[in-house]
Amino acid sequence: MTRITFKSSYVLLRHHQLHRQTGLAEQASTLGVLLTLRTDGSRLWDTAVLRTEGDNNLAPEEVERYTQLWNTQPAEAA
């Protein structure tokens, strides 16, 4: 679940916020790497990678949902 949520929302939200703050979405890309400890002994870590660039055209509802999920402190304090 963490991997799916990370790949589908966290990186997209952070890239969207970068675009809103700088206006440079077309020139910027965001790369997220999630390392997850494995407990089955096959290897130490699982990795999930997501790279996005440009304007992702997130709907306002998506931005609100992702913000509620990932921003655990008021925006002024972030």
Side-chain angles (χ1 to χ4, degrees):
M1 176 65 174
T2 300
R3 180 183 296 194
I4 294 169
T5 303
F6 168 78
K7 290 177 81 171
S8 66
S9 64
Y10 185 82
V11 173
L12 294 176
L13 175 63
R14 297 305 179 223
H15 185 75
H16 172 80
Q17 291 170 330
L18 175 70
H19 168 61
R20 298 286 295 179
Q21 291 177 1
T22 67
L24 299 175
E26 297 305 319
Q27 297 90 2
S29 63
T30 300
L31 176 69
V33 179
L34 175 67
L35 298 173
T36 307
L37 183 62
R38 290 187 64 115
T39 59
D40 63 4
S42 66
R43 58 185 179 272
L44 291 177
W45 300 97
D46 266 343
T47 57
V49 178
L50 178 68
R51 179 179 178 270
T52 187
E53 62 183 32
D55 188 352
N56 291 308
N57 296 313
L58 293 178
E61 298 81 19
E62 290 175 299
V63 174
E64 179 63 29
R65 187 170 57 243
Y66 297 165
T67 299
Q68 289 176 1
L69 176 64
W70 294 110
N71 290 357
T72 58
Q73 58 186 355
E76 304 82 43

Is a side-chain donor or acceptor of H15 paired with a backbone partner of G54 at a separation under 3.5 angstrom? yes
For R43, side-chain contact (heavy atoms from CB on, under 4.5 Å) partners two or more places apart: R38, D46
Which salt bridge (charged side-chain N to carboxylate O under 4.0 Å, His left out) pairs, counting each pair once, include a residue from residues 47-60, with sequence neighbours left out? R51-E53
How many angstroms lie between CG in L69 and OH in Y10, if you round to the nearest 0.5 Å? 10.5 Å
Do Q17 and N71 come within less than 4.5 Å of each other through their side chains, counting heavy atoms only? yes
Validation row: S29, T52 side chains within 4.5 angstrom (heavy atoms): no
Heavy-atom check, side chain of V49 versus side chain of L31, under 4.5 Å: yes
Can you sort out the partners of T39 under side-chain contact (heavy atoms from CB on, under 4.5 Å), two or more places apart, ordered by chain and number? none
dist S9:OG -> R14:CZ (nearest 0.5 Å) comes out at 9.5 Å
Distance-only donor-acceptor pairs under 3.5 Å for side chains of residues 57-66, two or more places apart:
residue	atom	partner	partner atom	Å
E62	OE1	A59	N	2.7
E64	OE2	Q68	NE2	2.7
Y66	OH	S8	O	3.4

Using a 4.5 Å cut-off on heavy atoms from C-beta on, say whether the side chain of L18 contacts that of T30. yes
Under the side-chain contact (heavy atoms from CB on, under 4.5 Å) rule, collect the residues that match up with L37, sequence neighbours excluded. W45
